[in-house]
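Have a look at the structure below before the remarks.
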Amino acid sequence: MEYIIGVDMGTSSAKVIAVRQDGKVMANSQQEYSISQPEPGHSEQDPEVILMAVKSGIRSVATIMKDPPAAVSFSTAMHSILAMDQEGKALTPLIIWADNRSQPVVDRLRNSPLSASLHQQSGTPVHAMSPLCKIIWWKEQSPEIYNNTACFIGIKEYVFYHFFGRYITDHSTASATGLFNIHDLTWNGPSLEAAGITAAQLPELVSSNSIIEGLLESVAQELGIPATTKFVAGASDGCLAQLGSRALEKGHATLTIGTSGAVRMTIDQPLTDPQGRLFTYVLTPGYFVTGGAINNGGVVLQWYLDSFLQSATEKPLNVDAGLQQALSTAPGAEGLLCLPYLNGERAPVWDGHAKGAFIGVQPQHTTWHFMRALLEGMAFGLFSITEALEETAGKVDKIFVSGGFTNSAEWVQLMADVFQRPMYLRNESDASAMGAVLLGFQTLQLETAFTIGREKVFTPQTEHAEVYKRAYTVHRKLYSALKDVFPLF
Ligand SMILES: O=C(O)[C@H](O)[C@@H](O)[C@H](O)[C@H](O)CO
């Protein structure tokens with residue numbers, strides 16, 4: 001029986017799985033890496049560290065499997081960018097989606113009529129996450145980098161460059177750069193013009209289901225697989241979570257919380273939100289994914305645990321224990337509300353100036369109420385994205401949850417209660433890596449007999465509906481009330 005290696009280069013770790021045609025996960029590996037924030041608003045990673053993590057993940061999985069894989073297929077975090085010089089050397093660190101340095105560019109673009117047309121053409125909202133805005137920022141702030149760049153690439157293209165000696169990207173990853181036209185599947189003229197670059201400074205485009213061959217012999221040895229191994233170009237993590245959760249049907253949405261978070265739905269046309277609240281990315285030929293992502297997912301929970309709870313308990317706090325304790329406080333956190341916008345926010349507000357805020361603090365509130373308010377604030381953001389999604393792309397019938405937050409049943413239950421809708425959890429280790437594997441099998445036209453494992457349903461507790469409805473209404477008003485204040489900080 002054949003198997004495929006799925007690689008998911010996430011923001012916090014590289015997850016690698018080996019999955020057989022019968023759907024059985026035979027081996028897996030997870031290698032973590034860090035994000036550095038050398039200055040407020042900057043979020044960077046070392047591409048070399050990620051490359052090493054990917055290589056060692058593939059190697060450890062291939063070693064367990066012994067026989068060579070039918071293919072290796074890739075998922076990647078979106079919107080990362082780095083500048084490469086003529087010699088193929090990186091001129092910059094990897095600037096990731098969470099980086100807000102290009103906010104001045106965004107402020108200017110969003111006030112111009114170009115913003116709406118760029119969003120409509122590229123599917124990517126004009127926001128600091130977008131590589132388009134980051135390139136314009138380099139052009140204005142770091143001409144020595146901008147003028148010496150032979151090619152602008154993201155992390156997946158960096159890894160492929162080291163594997164194949166070529167700059168290649170897939171339509172899905174390209175569609176999250178703000179530089180790609182999701183209607184005619186080419187680099188987008190008006191975006192290139194805005195960035196002052198040509199298509200020759202961007203990677204070669206291939207569809208997500210293309211096979212890439214020509215693995216360099218030296219890399220093949222490092223990975224412990226034959227140089228003749230086929231590679232499937234793959235897609236971005238958000239889009240592949242859709243495939244990995246088997247949520248391709250109309251009305252089936254996915255809700256993920258990992259480092260960031262998102263709600264998305266698959267559509268069969270490149271439909272964009274006229275109000276600019278949602279993204280539209282390419283998945284595979286004929287499939288698009290629309291939705292909205294939050295910056296402040298697991299990363300803010302981690303911040304809270306590290307900053308307030310570890311020192312309080314003087315020993316590393318077990319996340320599950322913390323979650324249980326926080327979620328044993330009353331729904332609505334006894335009137336405490338939180339805008340968890342520590343890292344600026346993407347959907348639904350698309351505001352790089354946004355900051356975190358706790359409002360309604362009263363003497364009865366403990367650290368656990370603050371933690372609960374933070375989790376509820378995150379859920380309200382995702383709920384509001386779902387409302388926008390229903391207005392733009394049609395009714396959401398079923399929501400499948402994925403990502404690290406599904407390790408906590410209490411957290412998923414909170415989501416069901418805030419949404420007052422059932423949440424469906426399919427027994428999947430990593431939806432994006434699994435999506436890469438499924439795409440791999442489809443591309444090689446190898447038959448699969450994947451059964452959808454046990455599906456767990458989290459049913460909303462209707463007795464909490466009223467308190468969340470009231471808190472959500474206030475939450476919406478809070479952002480409107482504070483948005484003019486945030487840029488003053
Ligand atoms: O759909 C999604 O998940 C988002 O749109 C992405 O922007 C992710 O946040 C990013 O790829 C990091 O994983």
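We count ligands from 1, going down the list as the structure has it; atoms in each ligand are counted the same way. For clarity, every value in this text was computed on a predicted model and none was experimentally measured.
- No donor-acceptor distance shorter than 3.5 angstrom exists from the side chain of Gln120 to the backbone of Thr272, with no hydrogens or angles considered.
- Here Glu387 pairs with Arg476 in a salt bridge; the nearest charged N to carboxylate O distance falls below 4.0 Å.
- Within ligand 1, the atoms closer than 4.0 Å to a non-hydrogen atom of Ala262 are 1 (O), 2 (C), 3 (O), numbered from 1 in the order shown.
- Regarding atom 8 (C) of ligand 1, its nearest protein heavy-atom neighbour is Ser260 OG, 3.8 Å.
- Taking the centre and axis of the six-membered ring of Tyr424, the NZ or CZ atom of Lys456 falls outside the cone set by 45° and 6.0 Å.
- At a 3.5 angstrom cut-off on N or O pairs, His79 counts as close to ligand 1.
- Residue contact check for ligand 1: Asp237 places a non-hydrogen atom closer than 4.0 Å to it.
- In this structure, Arg101 forms a cation-pi arrangement with Trp137, its terminal cationic atom sitting closer than 6.0 Å to the ring centre and no more than 45° off the ring axis.
- In this structure, Thr186 and Phe180 approach most closely via the heavy-atom pair O-CD1, 3.5 Å.
- Residue-ligand proximity, Gly238 to ligand 1, at heavy-atom distances under 4.0 Å covers atoms 1 (O), 2 (C), 3 (O).
- Between Thr76 and ligand 1, not a single N/O pair is under 3.5 Å apart.
- In this structure, the protein non-hydrogen atom closest to atom 12 (C) of ligand 1 is Trp97 NE1, 3.4 Å.
- Considering every non-hydrogen atom in both Ala128 and Val106, the closest pair reads N-CG2, 3.4 Å.
- The nearest protein atom to atom 4 (C) of ligand 1, hydrogens excluded, is given as Ala293 CB, 3.5 Å; this is a heavy-atom distance.
- Judged by distance alone, with hydrogens and angles left aside, the side-chain atoms of Asn100 form a donor-acceptor pair with the main-chain N or O of Asn343 at under 3.5 Å.
- Closest to atom 3 (O) of ligand 1, if we only count protein heavy atoms, is Arg264 NH2, 2.9 Å.
- Residue contacts with ligand 1 include Arg346, since one of its heavy atoms falls under 4.0 Å from the ligand.
- Below 30°, between 30° and 60°, or above 60°: for Phe160 and Phe164 the angle between ring planes is above 60°, a perpendicular geometry.
- Between Met78 and ligand 1, at least one N/O pair is under 3.5 Å apart.
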